[in-house]
Amino acid sequence: MTTVRSLLFVVWLYLSMALFAVGLSPALLLPYRPAMWVIRGWAKFVLFGLRWIAGVKVEFRGLEHRPEGATLMAAKHQGMLDVIAPFAVLPDNCFIMKKELMPLPFFGWFAWKSKMIAVDRSAHSKALKDMVKQARARHAEGRQILIFPEGTRAEVGAAPDYKPGIAALYRDLDVACTPIATNSGVHWPAHGFRRYPGTVVFEFLPAIPAGLKRAEFMALLEERIETASTALLSPRGA
C-alpha cells in the first residue's frame, strides 16, 4: 500500500508542477510578489496531497520563533520537502539554491522570478562571494534568507558536515540566525520515491544572536540543529 500511495503522490506532485507552471505562468510577467504567491499556493497544494494521498502530515512547531522581515535562517536538509514546506509558513523567504536547478520548468522559472539566490558550487571561492553579494541585496529588500548549512541533502543519521557558507552570511549580514530542525527524511527520504506515513516536523528554534565569533557560532548552530533534529526522530519527539 505504501508503494501505491507513494506512486500516486509522485503523480500528484509532478502534475501539480505542470498545472501551476502553465495555468499561472502569467505571474512570471509581473513583479516578483505574484510569483511568490504562486509558489506558496503550490507548496500548500503539495502538502495537502502529501497528507491525503501518502499519509504524511506536516507539522510546524516553534512558530513563536518564526522570523519576519529581513533575517537569516539555517535548516537541516534531509529531502526535497525541506525546500517546499517553508513556503507555507514564511511570508517572504528566499532560498540559497544550486544554480543548475534554475533552468528546470516551473521550479526554476519561478525561482528566478522570485529572486532566489542561485549559486554555482563548482566556482568555490567565487561562488561564496557571489552568494554573499546576492544575500545582501535580498536582505536589503526585507527577505527571510534560508540556507542549508550542509549544502546538500543528508541521509537520516549521517554525520553532519556544515559548510562555511552559513558563517560567511552570518558575519556579513550581521544578523541573528534562526535554526530549523526537522525529521523530514524519515517520511520523505533523500533518495527514492517512497513516502512513509507519519508526521514530519519542522521546528523553528530560538535565534542565535548576531555578533558571535565564527567558531562559537558554528558550534552553537550545529549543536542546536542536530540535537533538535535527533530528538524529532524518536516516537515521542515526532
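With hydrogens and angles ignored, the 3.5 Å screen pairs a side-chain donor or acceptor of R195 with a backbone N or O of F193.
The closest side-chain heavy-atom distance from E203 to L205 is below 4.5 Å. In this structure the side chain of V200 reaches within 4.5 angstrom of the side chain of L81, judged on heavy atoms. Side-chain contact between I145 and M73 is absent, with no heavy-atom pair separated by less than 4.5 Å.
Proximity of the aromatic rings of F204 and H65 is defined here by a centroid distance below 6.0 angstrom, and this criterion is not met.
Contacts of D174 classified as side-chain hydrogen bond (donor to acceptor under 3.5 Å, both in side chains), with partners at least two apart in sequence or in another chain: none. Residues forming a salt bridge (charged side-chain N to carboxylate O under 4.0 Å, His left out) with R138 (at least two apart in sequence, or on another chain): E141.
The number of heavy atoms from other shown groups lying within 6.0 Å of CH2 (W12) is above 12. Atom NZ of K99 has 12 or fewer heavy atoms from other residues, nucleotides or ligands within 6.0 Å. Around CD of E68, the count of heavy atoms belonging to other residues, nucleotides or ligands within 6.0 Å does not exceed 12.
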Margin query: Before you tell me yes or no, could you show the steps for D130 and Q134 under side chain to side chain donor-acceptor pair (under 3.5 Å), namely the whole-Å CA-CA distance, both residues' side-chain angles and the distance that decides it to 0.1 Å?
Written below: CA-CA 6 Å; D130 185 50; Q134 291 184 67; 2.9 Å; yes
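The residue from H77, K163, K76 that alone fulfils the side chain to side chain donor-acceptor pair (under 3.5 Å) condition with E150 is K76. Partner F9 forms a ring-ring contact (aromatic ring centres under 6.0 Å, His included) with one of W188, W52, F48, Y14 and no other, that one being W188.
A tilted orientation is assigned to the rings of F87 and F95, their planes being inclined by 30° to 60°.
Side-chain contact check for T3 and R194: at least one donor-acceptor pair (N or O, by modelled atom type) lies under 3.5 Å.
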